[in-house]
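A note on names: the letters A, B, ... follow the listed sequences, proteins ahead of strands, and every chain is numbered from 1. What you see is a predicted model; the values in this text were computed from it and never measured.
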Protein chains: 2
Amino acid sequence: MFTALLDHIQKFITLDSEEIDILESGLTLSKVKKKEHLLKEGQICNTIYFVTKGCARQYIINPKGTEQTLQFAIENWWITDYLSYHNNTPSHFYIQTVENCEIIALEKKDLETLLIKIPKLEKYFRIVSQKSFGAAQMRIKFLFTMSAEERYNHFKKQQPDFVQRVPQYMLASYLDFSAEFMSKIRAGKV
Amino acid sequence: MFTALLDHIQKFITLDSEEIDILESGLTLSKVKKKEHLLKEGQICNTIYFVTKGCARQYIINPKGTEQTLQFAIENWWITDYLSYHNNTPSHFYIQTVENCEIIALEKKDLETLLIKIPKLEKYFRIVSQKSFGAAQMRIKFLFTMSAEERYNHFKKQQPDFVQRVPQYMLASYLDFSAEFMSKIRAGKV
DNA sequence: TGAATTTCTTGAAGCAGTTCAAGTTTTTTA
DNA sequence: TAAAAAACTTGAACTGCTTCAAGAAATTCA
């Protein structure tokens with residue numbers, strides 16, 4: 001049931017069977033339909049989400065009223081707003097499913113209990129978040145140094161399957177250009 | 001000697017005096033002159049740096065040959081390339097001091113030893129990196145939604161002192177616009 | 001201090017990508 | 001399976017910011 005997450009955790013740390021039991025008893029898997037919100041702007045985020053099936057995204061609504069995706073989370077990715085989570089401040093983001101999903105939602109209180117019972121998990125979350133931070137820095141590098149077309153081609157090369165999986169306008173906003181321009185890039189009219 | 005770091009750590013966890021001793025014995029503080037490099041592109045990063053005095057930055061050299069700053073680190077900030085650090089891959093970044101600095105350099109091997117001796121530190125680094133990741137997401141939000149002038153004004157409002165502290169062309173590249181445009185923004189010619 | 005270096009400024013020309021508006025295609029749902 | 005909704009396309013007009021070039025000002029260092 002939780003094998004996806006357990007496998008992911010055990011890439012970084014080793015759990016014995018007792019710890020696995022404790023962990024499993026603290027988790028719940030839920031099905032979430034496409035386009036449902038896990039978090040809305042203004043709410044305080046007190047849950048972290050692990051996607052075991054499907055795809056979710058973090059987005060904002062910009063001053064022009066257009067949605068802009070900041071991050072996608074597919075299978076084996078965590079998604080949350082850590083700033084809201086840690087500072088208990090209203091979130092600047094929406095988190096929403098892009099497909100029908102299976103998601104492990106881990107609430108702050110439960111996570112804190114788990115971290116006390118299984119201190120090793122601290123290491124897991126440390127490494128995962130350090131890597132995520134590293135990935136965010138690379139993302140900023142790409143945004144800074146590549147043209148729109150280069151960003152699209154680079155992304156397509158890195159994640160060829162994923163490109164088919166989400167509406168092109170969402171991917172366009174993730175890569176920081178307009179849906180219309182995406183259309184022109186894909187048609188080779190650039 | 002290490003009070004800045006100890007204070008920072010104890011914002012998130014509590015250390016007893018024995019743990020403090022262990023920690024201090026594993027640290028070294030070094031003075032680093034302005035413009036020295038802590039990491040260069042292509043090197044594998046196996047050290048994390050904590051700035052206790054001065055200012056460092058992470059930057060890249062873009063295809064046009066211009067430096068672009070991705071991140072600044074002032075007093076009480078960690079700076080490193082976590083992707084290179086964790087994956088043992090060549091770094092995409094330079095890390096360089098912007099002012100004369102005092103820096104605690106913590107090497108991977110030493111840090112791993114410390115994390116075993118003082119498991120609580122895992123929690124400290126987890127929280128710090130989760131917050132950093134949250135901050136990186138906010139940074140992407142600002143880059144996505146604000147005009148160049150708005151980004152400058154917003155940054156100036158958040159960090160009024162810091163704006164004076166670094167060359168304006170570095171700040172311009174951090175905010176993702178040209179040095180010339182920075183000059184025009186500051187002169188009100190926009 | 002004076003020379004060298006670094007940083008900042010200014011205006012003109014250019015362009016990568018946006019915006020708008022309208023139509024077409026694809027997907028979803030009742 | 002028809003109607004509605006969501007997603008994609010196209011071209012024309014526009015614009016926020018870059019690029020270039022050259023000089024001025026500030027800072028560094030011998």
Side-chain angles (χ1 to χ4, degrees), chain A residues 33-37 54-55 57 59-69 72 96-101 142-156 162-190, chain B residues 33-37 54-55 57 59-69 72 96-101 142-156 162-190:
Chain A
K33 284 223 181 109
K34 186 172 170 169
K35 291 197 180 172
E36 276 185 33
H37 281 97
C55 175
R57 64 168 180 148
Y59 73 94
I60 52 166
I61 297 180
N62 71 21
K64 280 158 209 144
T66 314
E67 294 176 1
Q68 284 190 274
T69 298
F72 290 107
Q96 184 198 41
T97 52
V98 179
E99 303 171 345
N100 292 332
C101 285
F142 293 138
L143 288 169
F144 275 17
T145 57
M146 292 178 175
S147 70
E149 195 179 4
E150 285 168 341
R151 294 199 295 279
Y152 174 70
N153 288 326
H154 178 261
F155 188 89
K156 199 172 145 192
F162 186 77
V163 173
Q164 325 287 352
R165 210 169 141 178
V166 294
Q168 297 303 297
Y169 73 87
M170 274 189 200
L171 188 52
S173 76
Y174 176 79
L175 296 172
D176 200 24
F177 49 77
S178 67
E180 293 90 337
F181 199 65
M182 170 65 101
S183 197
K184 283 160 195 170
I185 289 172
R186 283 164 30 107
K189 297 184 178 172
V190 182
Chain B
K33 282 222 181 110
K34 185 171 172 170
K35 292 198 179 171
E36 276 185 33
H37 281 96
C55 175
R57 64 168 180 148
Y59 73 94
I60 52 165
I61 297 181
N62 72 20
K64 280 158 209 144
T66 314
E67 293 176 1
Q68 283 190 276
T69 298
F72 290 107
Q96 183 197 44
T97 52
V98 179
E99 303 171 346
N100 291 331
C101 285
F142 293 139
L143 288 170
F144 275 18
T145 56
M146 292 178 175
S147 70
E149 194 178 4
E150 284 167 342
R151 294 199 295 279
Y152 174 71
N153 288 327
H154 178 262
F155 187 89
K156 199 172 144 192
F162 186 76
V163 173
Q164 324 288 352
R165 210 170 141 178
V166 294
Q168 297 303 296
Y169 73 86
M170 275 189 200
L171 188 52
S173 75
Y174 176 80
L175 296 173
D176 200 24
F177 48 78
S178 67
E180 293 90 337
F181 199 65
M182 170 64 102
S183 196
K184 282 159 194 168
I185 289 172
R186 288 169 19 112
K189 297 183 180 172
V190 181

Whole angstrom is fine here: how far is it from OH in B/Y152 over to P in C/dC8?
11 Å
Under-4.0 Å side-chain N/O to phosphate OP1/OP2 contact, A/S178 with C/dG17:
no
Using nucleotides 7-14 of chain D, report all nitrogen or oxygen pairs with the protein that are shorter than 3.5 Å.
residue: D/dA7; atom: OP2; partner: A/Y169; partner atom: OH; Å: 2.8
residue: D/dC8; atom: OP1; partner: A/Q168; partner atom: N; Å: 3.0
residue: D/dC8; atom: OP2; partner: A/Q168; partner atom: N; Å: 2.9
residue: D/dC8; atom: OP2; partner: A/Y169; partner atom: N; Å: 3.1
residue: D/dT9; atom: OP2; partner: A/S183; partner atom: OG; Å: 2.8
residue: D/dT9; atom: O5'; partner: A/S183; partner atom: OG; Å: 3.0
residue: D/dT10; atom: OP1; partner: A/K189; partner atom: NZ; Å: 3.3
residue: D/dT10; atom: OP2; partner: A/K189; partner atom: NZ; Å: 3.2
residue: D/dT10; atom: O5'; partner: A/K189; partner atom: NZ; Å: 2.9
residue: D/dG11; atom: N7; partner: A/K184; partner atom: NZ; Å: 3.1
residue: D/dG11; atom: O6; partner: A/K184; partner atom: NZ; Å: 3.4
residue: D/dA12; atom: N6; partner: A/K184; partner atom: NZ; Å: 3.4

Does A/T97 use its side chain to pair, donor to acceptor, with the backbone of A/K33 at less than 3.5 Å?
yes
Please give, in whole Å, the distance from C/dT7 C1' to B/R165 CZ?
19 Å
I need the CD-C1' distance between A/E99 and C/dT27, as an integer number of Å.
15 Å
Please work out which of the three classes, parallel, tilted or perpendicular, describes the rings of A/F72 and A/Y174, given edges at 30° and 60°.
tilted
Heavy-atom pair with the smallest gap, counting every atom of A/V98 and A/V166:
CG1-CG1, 3.8 Å
Exam field: side chain A/R57 to backbone A/Q68, donor-acceptor pair closer than 3.5 Å:
no
From A/K35, A/K34, A/R165, residue fulfilling salt bridge (Lys or Arg N to Asp or Glu O under 4.0 Å) relative to A/E99:
A/R165
Check: B/S173 side chain, B/T69 main-chain N or O, donor-acceptor pair, under 3.5 Å:
yes
note: B/K64, atom NZ; C/dG14, atom P; distance rounded to Å ~ 17 Å
A/F155 side chain reached by A/F142 side chain, heavy atoms, under 4.5 Å
no
Could you work out how much the helix from C/dT1-D/dA30 to C/dA30-D/dT1 bends, comparing the axis of its first five pairs with that of its last five, to 10°?
60°
Rounded to the nearest angstrom, tell me the gap between atom CZ in B/F177 and atom C1' in D/dT19.
16 Å
Between atom CG in A/D176 and atom P in C/dT18, what is the gap in whole Å?
7 Å
Show me the pairs that pass side-chain hydrogen bond (donor to acceptor under 3.5 Å, both in side chains) and involve residues 180-190 of chain A, at least two apart or across chains.
A/Q168-A/R186
Please give, in whole Å, the distance from D/dC17 C1' to B/L175 CG?
14 Å
Would you check if A/F177 and A/M182 make a side-chain contact, meaning some heavy-atom pair closer than 4.5 Å?
yes
